[in-house]
Amino acid sequence: MTALYISGCRLLNPGGEPSPPTVVAVDQGRIAAVGGAVPPGAERIDAAGRFLVPGFIDVHVQGAGGAIVMEGTPQALRTVSATQARYGVTGYLATTVYRPGGDNDHLDAIAAGLADPAPGAACLGIHLEGPFIAPARKGMIRSTCIGPPDPGVMVDIRRRCGAALRMMTIAPELPGSLAVISALAAGGSVAAFGHSAADYDQTRDGIASGITHVTHLFNAMTSIHHRQPGPALALFEAAQVTAQVISDGVHLHPAMVRLVRRLIGDGRIALITDGMQAMGLPDGDYEYDGVAYTARDGAARYCDGTLIGTACGFTRILGTYMRLTGASLAEALVPAVSVPARVLGLEQRKGKVQVGMDADLVVLGADLEVYATLVEGRVVYRRTGR
């Protein structure tokens with residue numbers, strides 16, 4: 001790969017301070033140098049004083065740009081990847097479901113597709129929402145995608161996904177769930193609490209068995225009560241547990257987003273889009289898994305009003321988090337980049353603008369406008385016009 005130079009960029013790492021304008025050299029998919037000059041005739045991106053930040057990582061996205069992960073086709077993943085790159089995402093988990101006794105060929109296709117990366121944000125693996133979740137807390141997940149913990153189902157999931165299974169959302173109160181959680185943790189997959197009716201003690205049991213993450217905190221789970229504290233307090237008390245937050249101002253009340261930040265800090269929050277195929281498209285009526293939904297001003301809902309995700313690009317999620325909490329861009333990069341990289345065990349390769357790290361980079365304006373997105377040194381999105 002020919003070396004690429006990004007000139008006039010102000011480096012900004014999570015939790016850091018912006019540097020004076022400098023030059024970053026990218027070669028062989030990694031950051032090769034910081035500082036120096038651009039050689040005559042070299043390929044260059046002029047950042048014109050904008051920030052250069054590590055690429056965002058979205059561990060929960062179901063679709064984008066008119067495509068859904070569940071389609072399981074190369075074209076669908078290309079569309080999701082390309083759309084995510086427009087919003088500065090350089091890596092994501094393809095989030096989908098498993099149908100006990102039904103058609104699950106989409107999982108084989110996604111796993112196989114990881115060997116042939118699509119241009120755009122890199123698909124880093126699969127996040128399965130279920131099937132071992134509480135029917136009473138299913139949210140947007142259809143009943144055909146839910147079933148009791150079953151070793152045979154796990155064998156089939158492992159057969160189809162292999163190492164691509166990076167995360168699985170599970171309800172720990174279900175009989176047999178704790179064994180599945182332990183097996184997931186032992187096998188290198190993230191066991192995530194979610195779509196659960198668990199109480200405080202059942203949640204603690206799940207954490208003791210290996211839960212280290214929470215799927216869309218407070219959504220599709222029991223609320224806090226002063227005599228029945230529910231799962232949230234157990235999750236907050238466990239320092240090793242990180243939590244997905246949909247900071248769109250709809251899925252969580254702004255005051256709740258501020259409270260969560262005060263309680264557990266940026267270093268335990270992973271911002272997510274929970275994006276549907278309406279991401280990047282106009283407001284309107286769409287369909288997910290055969291059920292109609294409406295996207296309006298970034299929120300996606302079934303016709304009965306059930307929230308099913310967002311139509312927000314990641315920069316909107318990031319900007320809203322900053323606005324609701326008062327976090328600076330440097331502070332907000334922690335839940336946008338550092339935490340999800342750590343959740344996926346990628347913090348030694350991704351998440352910093354630093355020599356030797358993967359060149360997953362975003363040229364970002366102060367208004368959070370994305371001017372260029374690079375994945376392992378390849379320009380996968382470049383804004384045209386001004």
Side-chain angles (χ1 to χ4, degrees), residues 13-15 53-62 69 84 88-96 114 121-130 161 163-170 172 180-196 203 206-219 221 231-232 234-247 260-261 263-275 314 317-318 321 327 331-352 357-358 360 375:
N13 276 308
V53 303
F56 312 136
I57 300 174
D58 187 356
V59 298
H60 193 138
V61 61
Q62 303 171 74
V69 168
Q84 285 276 69
V89 172
T90 56
Y92 68 95
L93 291 188
T95 301
T96 188
L114 297 185
C123 181
L124 301 174
I126 296 169
H127 170 194
L128 271 186
E129 274 196 277
C161 299
L165 182 63
R166 303 299 299 276
M167 182 179 291
M168 186 170 176
T169 296
I170 187 167
V180 175
I181 290 166
S182 296
L184 287 168
S189 299
V190 177
F193 176 98
H195 289 280
S196 169
T203 304
I207 293 168
S209 296
I211 282 175
T212 57
H213 194 60
V214 187
T215 294
H216 43 53
L217 180 65
F218 287 119
N219 288 278
M221 57 187 276
L235 296 163
F236 290 160
E237 288 173 345
Q240 75 274 27
V241 174
T242 52
Q244 297 174 8
V245 168
I246 309 174
S247 58
V260 170
R261 186 179 187 232
L263 288 175
I264 64 174
D266 297 322
R268 288 177 59 192
I269 294 171
L271 297 180
I272 62 164
T273 61
D274 198 357
F314 201 94
I317 293 290
L318 177 68
Y321 183 77
E331 290 169 331
L333 288 175
V334 174
V337 179
S338 303
V339 175
R342 189 173 77 242
V343 167
L344 297 178
L346 299 174
E347 67 271 29
Q348 300 303 314
R349 292 175 41 206
K350 301 181 186 293
K352 290 183 182 177
M357 300 290 279
D358 288 351
D360 292 355
V375 173

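Nothing here was measured: the structure is a model prediction, and the numbers come from that model.
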**Student:** As a quick check of understanding, evaluate side chain to side chain contact (heavy atoms under 4.5 Å, CB included) for Val241 and Phe236, giving each step before the final call.
**Tutor:** CA-CA 7 Å; Val241 174; Phe236 290 160; over 6 Å; no
**Student:** Please confirm whether the backbone N or O of Leu124 pairs with a side-chain atom of Arg166, one donor and one acceptor, at under 3.5 Å?
**Tutor:** yes
**Student:** State, with a plain yes or no, whether a side-chain heavy atom of Lys350 is found less than 4.5 Å away from one of Thr90.
**Tutor:**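 The answer is no, as the side chains (C-beta and beyond) never meet within the 4.5 Å cut-off.
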**Student:** Asp274: what forms a salt bridge (charged side-chain N to carboxylate O under 4.0 Å, His left out) with it, not counting sequence neighbours?
**Tutor:**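 Expected list: none.
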**Student:** Go through the structure and list residues passing ring-ring contact (aromatic ring centres under 6.0 Å, His included) with His195, not counting sequence neighbours.
**Tutor:**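 So His195 forms a ring-ring contact (aromatic ring centres under 6.0 Å, His included) with His216.
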**Student:** Are any of the side-chain heavy atoms of Val69 and Thr95 separated by less than 4.5 Å?
**Tutor:** no
**Student:** Please lay out, stage by stage, how Val59 and Tyr92 fare under the test side chain to side chain contact (heavy atoms under 4.5 Å, CB included).
**Tutor:** CA-CA 5 Å; Val59 298; Tyr92 68 95; over 6 Å; no
**Student:** Under 6.0 Å from the NZ atom of Lys352, do we count more than 12 heavy atoms belonging to anything else shown?
**Tutor:** no
**Student:** List the steps and the verdict of side chain to side chain contact (heavy atoms under 4.5 Å, CB included) for Phe314 and Leu271.
**Tutor:** CA-CA 8 Å; Phe314 201 94; Leu271 297 180; 4.0 Å; yes
**Student:** So, the side chain of Ser247 versus the backbone of Ile317: is there a donor-acceptor pair under 3.5 Å, distance only?
**Tutor:**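 Here the side-chain-to-backbone pair exists.
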**Student:** Do Val339 and Arg268 make a side-chain contact, defined as non-hydrogen atoms from C-beta onward lying under 4.5 Å apart?
**Tutor:** no
**Student:** Which one of His127, His213, Glu129 satisfies the side chain to side chain donor-acceptor pair (under 3.5 Å) criterion with Thr169?
**Tutor:** His127
**Student:** Report the C-alpha separation of Thr96 and Leu128 in whole Å, then their side-chain angles, then the decisive distance to 0.1 Å, and conclude whether the side chain to side chain contact (heavy atoms under 4.5 Å, CB included) test is met.
**Tutor:** CA-CA 5 Å; Thr96 188; Leu128 271 186; 4.1 Å; yes
